[in-house]
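Note that the coordinates shown come from a computational prediction; the quantities given were computed from them, not determined experimentally. Order of the sequence lines sets the chain letters (A, B, ...), proteins ahead of strands, with each chain counted from 1.
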Amino acid sequence: MQTSQKINQPVVEKLDELLAPGQTYASVSAKIGDIVLYPVLKTPWGWIGGIAIAGLLLMLYLYSLATLFTVGIGIWGINVPVAWGFDIINFVWWIGIGHAGTLISAILLLFRQDWRTSINRAAEAMTIFAVACAGIYPLVHTGRPWLDYWFLPYPSTLGMWPQFRSPLEWDVFAISTYATVSVLFWFVGLIPDLATLRDRAQHPVAKFFYGALSLGWRGAAKHWQRYEVASLILAGLSTPLVLSVHSIISFDFAVSQLPGWHVTVFPPYFVAGAVYCGFAMVILLMIPIRKLFGLEGLITLKHFDVMSKVMLASGLIVTYGYFGEIFYAWYSASIYEYFLIVNRTVGPYAWSYWALIIFNVLIPQLLWFKRFRTNLPILLVISVAINIGMWFERWVIIVLSLHRDFLPSSWDVYNPSFYDWATFIGSFGLFFVLFFLFIRLLPMITIFEVRDLVHKTAHKAHDQKGH
Amino acid sequence: MSKETHDIQQNSGRSYWRSLDDLVQSSEFQERLAREFPQEAAELRDPVSRRSFLKLMGASMALSSLAGCQFAIKQPQEKIVPYVRQPEQVIPGRALYFATTMAVHGYGIGLLAESHEGRPTKVEGNPDHPASNGSSDAWIQASILTMYDPDRSQQIIKDGQPSTWAEASAALATAAAAAGSGIRVISEPNTSPTLAALVASLPAGSTWYQYDPLSADNTSTGTMNAVGSTNTIYAFDKADVVVALDSDFTTTGPTALRYARDFASKRRAHSAKPKMNRLYMAEPTPTSTGTLADHRLAVKASAVGSLTQAIAAAVGVAGVSAPSLSESESKWVASAVKDLQAHTGASAVIAGETQPAEVHALVHAINAALNNVGSTVRYIDPVGTMNTGINSLAALVSEINAGAVSMLVIADTNLVYNAPANFNIAEIIKKVPTVVHFGLYQDETSELAQWHINAAHYLESWGDLRAFDGTVSVQQPLIAPLYDGKTLIDVVAAMAGNASSTHDLVKNFWQGVTGTDGYAFDKNWQIALHDGIVPNTAAAATTPTLATSFKAPAATTDGLEIVFRADPSIRDGSAANNGWLQEVPKPVTKMTWDNTAQLSPKTAEKLGLKRGDIVKLTLEGRSVDAPVFVVPGQSDDTVVVHLGYGRTKAGRVGSSVGFNAYAIRPSTSLWHGAGVEITKVGEDYKLASTQMHTDLEGRDYDIYRAKTLDELINPHEEKHAHHEIISLFPEWDYSKGYQWGMSIDLNVCNGCNACVVACQAENNIPVVGKEQVWMGREMHWIRIDTYFSGDAEHPEIYQQPVACMQCEHAPCEIVCPVAATVHDAEGINNMVYNRCVGTKYCSNNCPYKVRRFNFFQYSDMETPSLKLQRNPDVTVRTRGVMEKCNYCQQRINEARIDARTQGREIKDGEVVTACQQACPTQAIVFGNINDPSSKVVQLKALEKTSYTMLDPLNTKPRTSYLAKLTNPNPELGGTHGDA
Amino acid sequence: MFKRKSEAATAAPAAPATYGIMAEFSDTDEIIHAAEKIREAGYTKVEAYTPIPVHGLDEALGHKPSRLPWLVLAGGLTGSSGLFAFMTWVNVVDYPMNIGGRPLFSWPAFIPITFEGMVLFSAFAAVFGLIFICGLPMPYHPVFNAPGFERASVDGFFLCIEAKDPQYNAANAKSLLQGLGAKAVHEFSE
Amino acid sequence: MAQVFNRRANTIARLSIFVGVPVVLLILISVWWYYTRSDWVRDVGPAHAVVQPGGGFSHQLHVGGLKMDCRYCHNSVEVSSSANIPSTETCMGCHSQVLHESPKLEFVRNSYVNEEPIQWNKVHDLPKFVYFNHSIHVAKGVGCSSCHGNIASMPVVYKTQALYMSWCLDCHRAPEQFLRPQSEIFNTTWTPPADQIEQGLKLKEEYGIRDSLQLTNCSICHR
């Protein structure tokens, strides 16, 4: 009795709280659940407008892919020597964005970071959709996409198998595994919330929909115990997985022998970069959503503050990588490595290298100051800058290494074509259509974990107050 | 549906060809080809717009069914169409080779043509023929494509209406009879004895003019003035010192193949005591031969005269005074002369056909003074007509103006396009009552003729030609004329009222000459056909007497000078519709699909022009717009333009490509002249050059090694200590069986492109068009990289053929996810097109960037005649697959299978790659590196010069290079001209 | 355990029998305390239903720790060893090829895929193992009949003594539960 | 609280997950398997005999009955990649005397007179990127019937092999299973002896056939 009353009365207000004061089990469940459950006709205009625009972009995406299939890969700007362009740049960029989600939900779970609770669901969703956008690129960047199934090890009448020494083949396994595990992990996390929705829903259709998805979860103590074991295991699996995925993608380059690709530091440096722009994207998504659905109570400044710190840290690792590359170029005493840096800094594409330095190294230094970390408009700008910067990083790695490699005779330039841009911009359509559907149909914050947070906060407050 | 149409749709690939014999003779098929006609000119060059969206959809489906029936539920039923009567030599699936002859500037080059079930697919040089020695060049290699060109004229036309040979021949006879002495025939130069005899049989007074816009008139006139009516033949295999005065003797003219071979033979420094000849070259713009020079002097074309005069004076030619020369020029002349005099009897001075007659006259005197005559310079009775240039055209024009011409037959020469601009030839031709045009194409000139008679390609024709040394070789057809084309012999015979076939005419003529017939003749006839040459027909040697006085050549002109030159690829423009020649990167500039106004860096700077600017060139009041291209090593104050472009009626490929330099080429300055004005009218012209960067960036040792002969003989210590690179993995065992390898001698490669086009013909390499080349998507499996080293004014110019290196540690293979490129047991890096998915990863990881990708459906799968040309032993690649050189795998397999069915080993030299076979200087050697006796092993063993490209990467290439060597004159020091 | 539930689910009895008695508590401490007491009172067939995982509750109810980790380990081993063996077989036995001069058995190149296989199969084992062990999916369950049970997924902490319990007696159970501070106690049928 | 689902839902849910999903997968896989390997899709077997123009030509009659040697018509099989389809002339070689008025042979005579080739239907049709060479196989002890079956017993020829790449590889990996002495190459009814492997290995030695690492190279068949 005592405690229950304590819970229902407001606990003492503290700065940078993870929860606005006065939250109860019921209030948070209602707050988050209602976003999904209230009637179709009451859907906010912001959401409708958003998905409409995204839908248009998706059309553009489908159009450019259709052209790609029928006319040929030549509609892109690629050539020899620059045989990879926007396709692989955007593939790596999207995959990178995905990583923040897994990191938040898995690694922070292992580290028992409470602040993950109100953002991990959306971040995981972002992961899955980003991986979808990324995964499409390697499939369509081939000259004969209708034969992509040759990447899979299946018993064919040809008696042929894939070539398991190729980093691209590693990608096939890494990305498919990553996508699968992310979806499973996400679904497991959803089960108790779906049950909540089932129990709160009024409309029979909603009840049926969420009821079926929740598999009949009823919160039995034994289930909870198994459930927590499973989540821990999945977190334990996802953590090395997420590290391996971007490492393997970095192998696409590191395993080759091109100056600027053949770099041993790539795996950690790619992973850090992925986290870097992943968090930027989370912030980018959270700031408007928080406004749109009035979630200030659940996603507080504290969240943004902590995420900014993570960005700053990973940003510094990336910066270290940039200086590392310059150092190797000098230390290797290889004319090719040396020329690579010269070409990056003063070559025809120098502007992109310096853009990378500005967006990825200089601007994020603002995050040292709390007043920028907690100033959402500025944080929004910084996040955009970081996403652009990380895109330029992939551009620099891929295009600047390819366009001037060993034989000066084969040096050439790369100009992205209309279809390069259309496919890239279109992929945002796919991403946001999925994301808008997600926030309308599924709880974008893990309800049961927030309830748990309410409980913890209450008890902390209680312990501090009492006796 | 006609059978042929049916065949073409039902059958693709090899089974289809079996029906060829029937196809080519059937009129329906010819109509089908005829129907291939009008389409947008740009389209053929632009594969994207070539097919409509839906058609592409279809194409990709079709191709996927090719790629292992992925989409088709079941394989479609195919037909096999065997012969009705099988010719006895023909064995389906095996190629036959026939000797024939091609005319270059009218002189015969002996060839062997490869024939698959009756369709020629490739031509090679005839080893027994003096003019080819088994080599060929890009022009010869590409001639096969011209034969299958769907844009060729396919019927006889009278006043714009289709007609027949029956009508035409009748009309010709009557017209000729009516014209009587008013008959004039103007043709490209032609040395056919049969034709000459036939022309002689025309009514008295009728004359045969020969006109060639690139004619060597100057040479013959100069020779005439100096030593009388004779032909000059150089023996460069005996010359230790060669002075070339604006003479690109290794790539131009009917003697080029022979001269290249002879010259190269003196340039190989493989022996323990290496010796090399020394080449002094003075020329206005870098040529293939110029890149071989030890001392290359870039001078204005008009300055070459003074140089010659100076040499003449120095070697003591009577009555020649030394002109005043610039410091660098006199230095060059002095040391050249010293060298020449040190090698009297073993030196040669040669002048280019572009230099005025006076220069040639002096050259004869110089050679005489150095008593090279008889050793390195030989004189023979004249072969062919002396006068085949501007003079003969001028004569014809004056005759027409005088109204003496009532019937004009214009044969194989496109006067309206290539006559000097000031002749206004079109108007003149209109004055002739009866004009008959005879040629492969309906071109600019045919429009003016009442009659157009479509010519047969040389591979479709009987005939006979004489080589530069007079040797006669018979031209025998490889295939019945695809479009019922006629030969010039037919036309002239018809005019003479002689209706017998070309074959009979030629055969009868020689029966007459030899005075034999029946078995005796037939036997020799068969031998001549088989060997490709008629024995003992070489012209007799003469010992002419040298003139006593010589005119001094004109002095160097001041100011900007315009220089007209034949285009290195499409020459006079007659082959402008040949995609292979349009797309092959020109030596030095690497330009494709365009000609340019070439300027030296200094001059460009002076005029404030840069690459890609568009300028208006005005000469004698006529002007053209041309894009600027800056060429290091070109003489200052010189603008070089190449002839052969700007055709208006060449066909879908060649029309409206480049600008027409003939339009400003006056008869007064055919090759170079002063008074050209140049004004900028635009900029940013799209120049499709295949090489953007020509500086080695200090990577010489890894990429292109050059040393002097002296450094080779007594090497000072190597600044790049060669350290052994170890591999973490155990090495694969290549010690057994055939292990193929290649050695390329950079020292004799002049970048003539013969290998590039030969490879294109052998391996069904598609033409992609200017737009795609501009995007960096050219498809050539072997390319010639050009580098400039030293200062931009007097650079050394390096030419380096690069094809797949067949690395033993192939970086491309490990990164392919589907094992589409793997190594075979003989050390070749296989590229399996039908397995390729097209990730392009292999290309990214290839340090040599020799892989080529089909970004679109580049190979034309639709035009029937083009399909006929394809090599049936090589897969025609589809959209989306990678491709690259595979050491002519098909030739290796054929040799291996033959050897194994006969239970023997492959002999060294039995497998010859297409590039190796074509190479005029034999720079490419291929063979089994496990056979210690093979030539390639001996070359790879030359550790002082033999190296592999980028060896720090430890890719272990199977192709190695022999370093470039120069033999500079110590007096001039340095390693390049003027240094 | 699973078996019994499935019976409950599939074989529908004629008349709705009593399933058990359900008591609602308002927070974690109460329910843990209550669970301990009821166990002391000798009840065995007891289960709690809570909106959040309550630590210590399953010990209080005497649940044994899960066997899930072993399942996952098995999955992981199958995945990794299976894929590594497969790649070795393809490259060494089935179709040996000279790829860039590397040895047939170039095991370092096989590691990434081996690892991914391990993760994939472990994850499958974890998720489907969880669903299986929990006897899900079970959209119908008698406890949903309990009045106010919809709050079990929001803010209600429920404790249920099942009728199968040998010493089950509605009256005693009810008084016991109310004594433990339950807000509401209801008997409910299957 | 009211139940959202009735009791039967449990069964349905479990069935669909633990039975439905596997069954669907199984069906899909077996459909694919049938599609890629069935005789139907590859036209293998008597059911898919390919009728030729004129309808009448019978290998059974010519080879089985008249005991004609394969090489009489397919005369380049020992020297060329292509075994050669006989020209009309070859047919007329006999049929200008034999059955020279038979209406069934009208189309042959027409072809001969009108110079119109007969369009036979292809039975064994390899993709265009496969470069099979008859001469080397015949020279190294691979008999006709190993790939073409017992032609002598076929009134109308049909495929006895599906000609998968993996099928080619079977022999290129272990030729000894199929090799036969030179005398038996054109014997359409040849059956392997009991000790085929032993014999085969001897022949492999004798013919000097290379090992599988060479014979399974891509470049052996693809260019």
Nearest heavy-atom approach of B:Glu813 to C:Asn98 is OE1-O, 3.5 Å
Side chains of C:Leu104 and B:Trp732, heavy atoms from C-beta outward: is any pair under 4.5 Å?
yes
Do B:His823 and C:Met97 have side-chain heavy atoms sitting under 4.5 Å apart?
no
Tell me whether the count of non-hydrogen atoms from other residues, nucleotides or ligands lying under 6.0 Å of CH2 in C:Trp89 goes above 12.
yes
For C:Ile99, the option from B:Thr821, B:Val815, B:Val822 that meets side-chain contact (heavy atoms from CB on, under 4.5 Å)
B:Val822
